[in-house]
Amino acid sequence: MSAKAEALGGVEESKLSPQFHVAHHFDKADTQFDAGRMGVWLFLVTEILLFGGLFCAFAIFRSKYFPSFVEAHHHLDRVMGGINTIVLISSSFTMALAVRSAQKNEKKKTTILLAITLACAAMFLVVKYFEYSHKIHDGLLPGGNFTAADFASGHPGIFFAIYFMMTGIHGVHVVIGMGLILWILLRNQKNEFSSRYYAPVENVGLYWHLVDLVWIYLFPLLYLVG
Amino acid sequence: MANTATVDELGHSPEVRGKNYLNQTAGVWSWLTTVDHKRIGIMYLVSVLVGFGLGGIFALLVRLELLTAKKTIMDASQYNQAFTLHGAAMVFLFIIPSIPASLGNFFLPLMIGAKDVAFPRLNLLSLYLYWIGAIFMLAAIVTGGVDTGWTFYVPYASGVSTTSVISATFGVFVMGFSSILTGLNFIVTLHKLRAPGMSWYRMPLFLWSLYATSIIQVLATPVLGITLLLLIFERAFHIGIFDPTLGGDPVLFQHFFWFYSHPAVYIMILPGMGVATEILATNARRRVFGYKAIAFSSVAIALVSFLVWGHHMFVSGQSELSSAIFSFLTFFVAIPSGVKMFNWLGTLWGGSIRFTVPMLYGIAFLFLFAIGGLTGLFLGMLSVDLHLHDTYFVVAHFHYVMMGSTAIAFFGGLHHWWPKMTGKMYDEKLARVGFALTFIGFNWTFFTQFILGTRGMPRRYYNYLDQFQPLHAFSTYGSWVLGTGFLITFICLARSLKTGAPAPADPWGGATLEWKTASPPITENFEKAPIVTLDAYERPAEETA
Ligand code: HEM
Ligand SMILES: [Cu+2]
């Protein structure tokens, strides 16, 4: 084996896409992949903690204003939320398939799968847009801006504060995710990935699964149990 | 001792001889776009020193106001702004990033024999985020100041205050990302980039302390992030989560805030402990006593620090049972700190000590940290805290920890590694004068405040009863001595850049890897990746006990 191949983790250079190179401070390609993967996992931990604060707030206020939370959650649209759940789970699935196809050098398939993922994400945002406009129209806004009159229990504004914060921050994550998926898609078009080098696809995939996962907790919590 | 090692003796090839990370490329642009961890470390160093200067100016103004019992130079609202900006600048601009981002960035890769951190571009991004956050904070100062205290307690910060709270808190939010990314980068670097032979137990203890710090940065800062975001939204849109008039809960803010900020206290102190360990080990010329105990106690502190936040809230209306539990847990943190103290003294015991300038700072650290730590135990005790809460006793305590311990360790580390970073030696005599004035001025200023506190002087007041006047004036005189000490230190270091003698590779006879490369190091740190065959702090032919 040539010294160069050894540095690349035992893979002959010809098997790698031409754009790929090991950064100067890593001893071999595998170390670089592992480092990237570890970095992404750590980053996802910080994301979970960020949402964790909001989940805490939800738990506390739910026990404090239980009747108001139950009443308020009936104003969320379960059908729209349900559709979005299905859309997002599908996109997570196509993302996982995209990682696999990138791994297997199936460039065209990867592109198609990434495009479907992107379309699902866009659809999610469209549904969200309709949901938000209904809420705003009905005056179901957070805290001090809450104007809906027909509420029997006190402090429904807090439920909507948490609803908008959680789904809003989640929505920002969806938008960022779309940017990342687009970036991966374009790089895939330029033949940058191969069976040996698909780390960016994998890492964006991990991020996208987190976005999906957070929603899978949000949906039952906000829409179903209140 | 290899006191006269030249670049050539280190075996550098002709191509790199005379080249180093400072002169490899020139121009501002080459610095702003660099991915070299050493240059990034230097830029952080300059930035945190500016932050320290800013906080220091406000500190002197605050002390000046307290010289007399009635109005001296400012009115009540200006006073509130002055101590808020002092506290916020010192905490967020200076002490949290100080050691990890500057000395850590520079030395972590060198000490494990790596060429760089794992994600060099992310590292540069962290620096930019720090700058962006700092700009928002400075914007807050010029657009109306902030008067909430550095803790931004609600409902004052969310509704009542008329100052630029959003700009300041957004700045802190952005700086939080910077802190997270640096911690993440360090963790991955330590896991993946250690040189062959550099096992975990061969790492210098400074790196263990940075590892523990990084864990806290990654696990606690996101909670601060969401807290500040909620605060910003509360202020902008009245979302009601913290606002009691809308049914929200201001104590929830305190829980969230201290869940971050108590561990953050260890983001501040752990790196200081690590720097002190390097200084003591190098100048006692001895292997560190109880290596593993120091290493593990760092990690233990990091983990326990997440369980004790409630001791900041003994008087905020949480249940007595939770207060008692938090009080108990707080004492628990003292154990690993005590273990470290014991090991440092054990390292000095029987070492052949040299009183270099860094060593003076190292010993001062031990002394001041002992006082800061013990007075912390007073405050952790529920019954005593009820009496001392929000008095100058607290002010004195946290200054002994933050400034007396961490900032002193930071300046010790700066002197320790200055020759390595800049390639210049500083004037020892002048540095000693700077140290002496700092040390005397510090105790003069802050020991006085313990006495003020036990006599009942509350904090955050700019007018006070006449009976406190003599002690306040005395403390203010001390702050002038302290300020002079720092001024001399800065002059001494700045002068060395122009007139200092060239530094040898290893001026103190250090045993860790960073001394095995040129001063200043070449761009890729070592020409050949080092292979480590010795234990931490072991010298080739061990002469000492
Ligand atoms: C030049 C040395 C310093 C002097 C003379 C000084 C003086 C003061 C004074 C008089 C206060 C107001 C106390 C009150 O009324 O509550 C204060 C608060 C504070 N100081 Fe310092 N200080 C110095 C250095 C530092 C350093 C190095 C740090 C941290 C790294 C620091 C962190 C703080 C914090 C966090 C507060 C609380 C601010 C608040 O209440 O919001 N100080 N300092
Ligand atoms: Cu604490």
Side-chain angles (χ1 to χ4, degrees), chain A residues 7 22-28 30-61 63-65 68-69 72 141-146 153-166 168-169 172 203, chain B residues 35-37 109 114-122 159 176-177 180-181 183-185 187-189 191-193 195-196 214-215 217-230 233-234 237-243 245-249 251-253 255-256 259-260 523-525 529:
Chain A
V22 182
H24 78 286
H25 57 295
F26 289 106
D27 56 347
K28 53 187 194 295
D30 275 339
T31 318
Q32 181 169 347
F33 298 153
D34 285 352
R37 202 172 289 136
M38 187 175 178
V40 172
W41 275 107
L42 278 171
F43 173 71
L44 295 183
V45 168
T46 68
E47 290 275 47
I48 289 174
L49 284 161
L50 186 102
F51 280 103
L54 289 169
F55 280 110
C56 269
F58 179 86
I60 288 165
F61 286 110
S63 67
K64 209 167 159 184
Y65 302 122
S68 131
F69 267 52
L141 286 168
N145 300 314
F146 187 84
S153 53
H155 304 304
I158 293 201
F159 177 87
F160 289 99
I162 294 177
Y163 165 81
F164 275 107
M165 286 293 289
M166 284 185 135
I169 294 177
V172 170
N203 289 338
Chain B
V35 289
D36 184 342
H37 67 100
K115 287 181 180 166
D116 208 324
V117 292
F119 309 115
R121 274 181 297 175
L122 193 69
F177 276 102
I180 291 175
L181 295 181
L184 188 155
N185 217 336
I187 292 177
V188 177
T189 308
H191 273 270
K192 299 294 175 197
L193 291 184
S214 303
I215 294 176
Q217 284 175 303
V218 169
L219 295 186
T221 318
V223 179
L224 177 73
I226 194 68
T227 312
L228 293 176
L229 218 51
L230 284 169
F233 278 79
E234 187 75 83
F237 306 114
H238 310 288
I239 56 174
I241 291 193
F242 299 137
D243 184 346
T245 59
L246 293 169
D249 186 353
V251 178
L252 180 64
F253 179 88
H255 278 290
F256 277 175
F259 181 82
Y260 164 77
T523 294
E524 298 210 328
N525 295 348

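Keep in mind that what you see is a predicted model, and the values were worked out from it rather than measured. The chains referred to below are lettered A, B, ... by the order of the sequence lines, with proteins before strands, and numbering in each begins at 1.
Note: Asn145(A) leads Asn145(A), Leu141(A), Ile48(A) in heavy-atom pairs under 4.5 Å with chain B. The greatest number of non-hydrogen atom pairs below 4.5 Å with chain A, out of Leu224(B), Asn185(B), Val117(B), is found for Val117(B). Chain A forms more heavy-atom pairs under 4.5 Å with one residue of Leu181(B), Thr245(B), Val223(B), Val218(B) than with any other, namely Val218(B). Highest contact tally toward chain A, considering only Pro120(B), Gly225(B), Pro109(B), Ala529(B), is held by Pro120(B) [criterion: heavy-atom pairs under 4.5 Å]. Between chain B and the options Gly39(A), Ala35(A), Gly53(A), Gly52(A), heavy-atom pairs under 4.5 Å are most frequent for Ala35(A).
The CD1 atom of Ile226(B) sits 10.5 Å away from atom CZ of Phe55(A), with the distance rounded to the nearest 0.5 Å. Note: Gln217(B) CD to Thr46(A) OG1 = 12.0 Å, rounded to the nearest 0.5 Å. Note that the NE2 atom of His24(A) and the CD atom of Glu524(B) stand 4.5 Å from one another [nearest 0.5 Å]. Interatomic distance, CG of Asp249(B) versus CD1 of Ile60(A), reported as 7.5 Å (0.5 Å rounding). Within the model, atoms CZ of Phe26(A) and CG of Asp116(B) stand 9.0 Å from one another, a figure rounded to the nearest 0.5 Å. Interatomic distance, CG of Leu42(A) versus CD1 of Ile180(B), reported as 11.0 Å (0.5 Å rounding).
Residue Phe160(A): no heavy atom, backbone or side chain, is found under 4.5 Å from chain B. Both the backbone and the side chain of Leu49(A) come within contact range of chain B, judged by heavy atoms closer than 4.5 Å. In this structure, chain A has a heavy atom under 4.5 Å from the side chain of His191(B), while its backbone stays farther away. With a 4.5 angstrom heavy-atom cutoff, Ile169(A) touches chain B only via side-chain atoms. Proximity to chain A (any heavy atom under 4.5 Å) is restricted, for Phe256(B), to the side chain, taken from C-beta onward. At a 4.5 Å heavy-atom cutoff, the contact between Met165(A) and chain B is made by side-chain atoms alone. At a 4.5 Å heavy-atom cutoff, the contact between Leu193(B) and chain A is made by side-chain atoms alone. Interface remark: Leu230(B) contributes backbone and side-chain atoms alike to the contact with chain A (heavy atom separation under 4.5 Å).
Across all their heavy atoms, Ile241(B) and Ala161(A) have their closest contact at CG1-CB, 4.1 Å. Minimum heavy-atom separation, Ile239(B) to Pro142(A): CG2-CB, 3.7 Å.
Proximity of Leu252(B) to Phe61(A): side-chain heavy atoms (C-beta onward) are separated by under 4.5 Å at one or more points.
Checking side-chain atoms of His25(A) against main-chain N and O of Ala114(B) turns up no donor-acceptor pair under 3.5 Å. Between the side chain of Asp34(A) and the main chain of Lys192(B), no donor-acceptor pair closer than 3.5 Å is present.
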### Message
Would Leu246(B) and Ile158(A) count as a side-chain contact (heavy atoms from CB on, under 4.5 Å) here? Give the steps.
### Response
CA-CA 8 Å; Leu246(B) 293 169; Ile158(A) 293 201; 5.8 Å; no

